[in-house]
Amino acid sequence: MGSYGQGFVLGCCLLLAIAWGPVLSLVPRGQQEQLEWEEKEQLQSPLDPEKRDEDTHEKYSPSQGKDLSTSRCRRCCDPGMPVYQTIPAPQINITILKGEKGDRGDRGLQGKYGKTGSTGARGHIGPKGQKGSMGAPGDRCKSHYAAFSVGRKKPLHSNDYFQPVVFDTQFVNLYKHFNMFTGKFYCYVPGIYFFSLNVHTWNQKETYLHIMKNEEEVVILYAQVSDRSIMQSQSLMLELREQDEVWVRLFKGERENAIFSDEFDTYITFSGYLVKPASEP
């Protein structure tokens, strides 16, 4: 081959140097020296390729590879590299560092009230409870009603003394508080009462009566002498205590005094009823 063959070999070496330059910078020092030595061998015997191949096989025989493995650098990710165990992080026992429990702090201020929530759904009806015990006996029952209405069908004339007007017709007499024989109403329920008296006057005669509370003249019913008879009335309210008496009295006969009635019609009436018991507030 001559000079032509040597020039060809040198050109190949330059190309190898350019291509292998970056790679050699990453190869360990031992491998780099080995590669440089191989290149020198190739340059010394360029005309004997068969011998060069034999020498290459001899240099990289399995026995030599085992010797060189001890001096070569390997990456941790290369296959066959031993896996190193990870050292666990040290554990600290927190209980030995915990101090004693401190005193309880003062109670804080009460927070603001939250907004009122919406009304929840109605719950289910609960089971029926047990029967309760009997309560204490109540107070004795008292009547809080009183009313009467009576009438007279006979006329009455005055005489030398006062006369109570006695009634012979009973319309209402609740609980018999009005005594038909004496003509008096007896108060058994203290409170406020309403009373009304109606009479028919006698023509050419005077009409002169009083509604009495016990022995006291409370109001008068009066009509002057007239040629014709008329209906006359009087009403009032009284506050009574228990055992008070209310009745009608005809004035004595200093002047001719009378009230008219007959057995066919009732012209004279006397009525009263309880408005409000004193026991109510």
Side-chain angles (χ1 to χ4, degrees), residues 139-226 229-280:
D139 296 334
R140 184 178 178 182
C141 181
K142 291 184 179 181
S143 174
H144 294 291
Y145 300 97
F148 73 93
S149 182
V150 293
R152 180 181 174 94
K153 291 187 176 182
K154 295 179 181 179
L156 182 64
H157 294 267
S158 62
N159 51 29
D160 294 337
Y161 53 89
F162 296 108
Q163 298 180 71
V165 179
V166 179
F167 299 87
D168 51 26
T169 304
Q170 178 177 282
F171 301 110
V172 174
N173 192 6
L174 189 61
Y175 306 122
K176 305 299 181 181
H177 290 181
F178 188 88
N179 191 320
M180 298 294 292
F181 297 99
T182 62
K184 295 182 179 180
F185 169 76
Y186 296 91
C187 177
Y188 293 99
V189 182
I192 298 174
Y193 286 79
F194 175 82
F195 296 96
S196 175
L197 174 63
N198 295 277
V199 298
H200 190 275
T201 64
W202 206 313
N203 57 343
Q204 301 299 327
K205 293 184 179 181
E206 191 177 36
T207 302
Y208 194 2
L209 299 101
H210 284 95
I211 296 179
M212 308 289 293
K213 177 183 175 182
N214 299 326
E215 298 300 323
E216 176 186 359
E217 300 172 354
V218 182
V219 291
I220 186 173
L221 188 152
Y222 179 77
Q224 292 180 344
V225 178
S226 176
S229 60
I230 59 173
M231 293 295 297
Q232 196 81 348
S233 66
Q234 180 65 279
S235 61
L236 77 163
M237 295 181 72
L238 291 175
E239 183 175 2
L240 302 180
R241 298 179 180 179
E242 192 171 357
Q243 298 301 322
D244 280 345
E245 301 174 2
V246 179
W247 51 289
V248 180
R249 188 189 70 178
L250 183 66
F251 201 76
K252 60 184 179 179
E254 296 177 356
R255 296 186 293 265
E256 193 173 2
N257 181 18
I259 50 178
F260 173 81
S261 188
D262 60 38
E263 59 184 7
F264 301 103
D265 294 306
T266 304
Y267 289 88
I268 304 168
T269 60
F270 183 41
S271 303
Y273 60 89
L274 175 67
V275 176
K276 181 181 179 298
S279 59
E280 293 184 2

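This structure is a prediction, so every number in the text was calculated from the model and none was measured.
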Do side-chain atoms of N214 reach the backbone of E216 as a donor and acceptor pair under 3.5 angstrom? no

Can you see which heavy atom on V218 is nearest to which on M212, and at what distance? CG2-C, 4.2 Å

For a quick test of reading the model, state the closest non-hydrogen atom pair linking P277 to V189 and the distance between them. CB-CG1, 4.4 Å

Donor-acceptor pair, E206 side chain versus S226 backbone, under 3.5 Å? no

Atom NZ of K252: over 12 foreign heavy atoms under 6.0 Å: no

Pairwise distance CD1(I259) to OG(S229) - rounded to 0.5 angstrom: 13.0 Å

Does I268 form a side-chain contact (heavy atoms from CB on, under 4.5 Å) with N198? I'd like the steps, not just the answer. CA-CA 6 Å; I268 304 168; N198 295 277; over 6 Å; no

Hey, what's the ring geometry for Y267 with H200, parallel, tilted or perpendicular (30° and 60° as the breaks)? perpendicular

Working to the nearest 0.5 Å, report the span between OG1 of T266 and CZ of F167. 11.0 Å

Step by step, work out the side-chain contact (heavy atoms from CB on, under 4.5 Å) result for F194 and M237. CA-CA 4 Å; F194 175 82; M237 295 181 72; 3.7 Å; yes

Would you compute the distance between atom CG of L274 and atom OH of Y188 and round it to the nearest 0.5 angstrom? 15.0 Å

Please confirm whether the backbone N or O of E217 pairs with a side-chain atom of K213, one donor and one acceptor, at under 3.5 Å? no

What is the ring orientation for F178 with F270, classed by angle as parallel under 30°, tilted 30 to 60°, or perpendicular over 60°? perpendicular

So for atom CG, which belongs to D265, do other residues, nucleotides or ligands contribute more than 12 heavy atoms lying within a distance under 6.0 Å? yes

Any carboxylate oxygen within less than 4.0 angstrom of a Lys/Arg side-chain nitrogen, looking at K153 and E263? no

Over all heavy atoms of both residues, which pair between L221 and V199 is shortest? Give the atoms and the distance, please. CD2-CG2, 3.4 Å

On a heavy-atom basis, the closest approach of W247 and E215 is CZ2-OE1, 4.1 Å

Looking only at non-hydrogen atoms, find the nearest pair between Q232 and Y222 and report the distance. NE2-O, 3.0 Å

Spacing of L197 atom CG and T269 atom OG1 [to the nearest 0.5 Å]: 7.0 Å

For S271 and S149, does a side-chain donor sit closer than 3.5 Å to a side-chain acceptor? yes

Set of salt bridge (charged side-chain N to carboxylate O under 4.0 Å, His left out) partners for R152, sequence neighbours left out: none

Can R249 and L209 be said to form a side-chain contact (heavy atoms from CB on, under 4.5 Å), step by step? CA-CA 6 Å; R249 188 189 70 178; L209 299 101; over 6 Å; no

Less than 6.0 angstrom separating the ring centers of F148 and F185, yes or no? yes

Please name the pair of heavy atoms, one in V150 and one in Q170, separated by the smallest distance, quoted to 0.1 Å. CG1-CA, 4.2 Å

Quick check on ring-ring contact (aromatic ring centres under 6.0 Å, His included): which of F260, W202, F251 does H157 satisfy it with? W202

N257 side chain to Y208 main-chain N or O, any donor-acceptor pair under 3.5 Å? yes

Mind checking whether Y186 and H177 have ring centres under 6.0 Å apart? no

Beyond-backbone contact of V275 with Y193, side-chain heavy atoms, under 4.5 angstrom: no

Separation between CD of E242 and SG of C187, rounded to the nearest 0.5 Å: 7.0 Å

List the steps, then state whether ring pair (Phe, Tyr, Trp, His ring centres under 6.0 Å) holds for Y145 with Y175. CA-CA 9 Å; Y145 300 97; Y175 306 122; 7.5 Å; no

With side-chain contact (heavy atoms from CB on, under 4.5 Å) as the criterion, how do V219 and H210 come out once you've worked through the C-alpha distance, each side chain's angles and the decisive distance to 0.1 Å? CA-CA 6 Å; V219 291; H210 284 95; over 6 Å; no

Counting neighbours of NZ on K184 that are heavy atoms of other residues, nucleotides or ligands and sit closer than 6.0 Å, is the number greater than 12? yes

For the CG atom of L236 and the CD atom of Q234, what is their distance to the nearest 0.5 Å? 7.0 Å

Can you confirm whether E280 is buried at CD, in the sense that more than 12 heavy atoms of other residues, nucleotides or ligands lie under 6.0 Å from that atom? yes

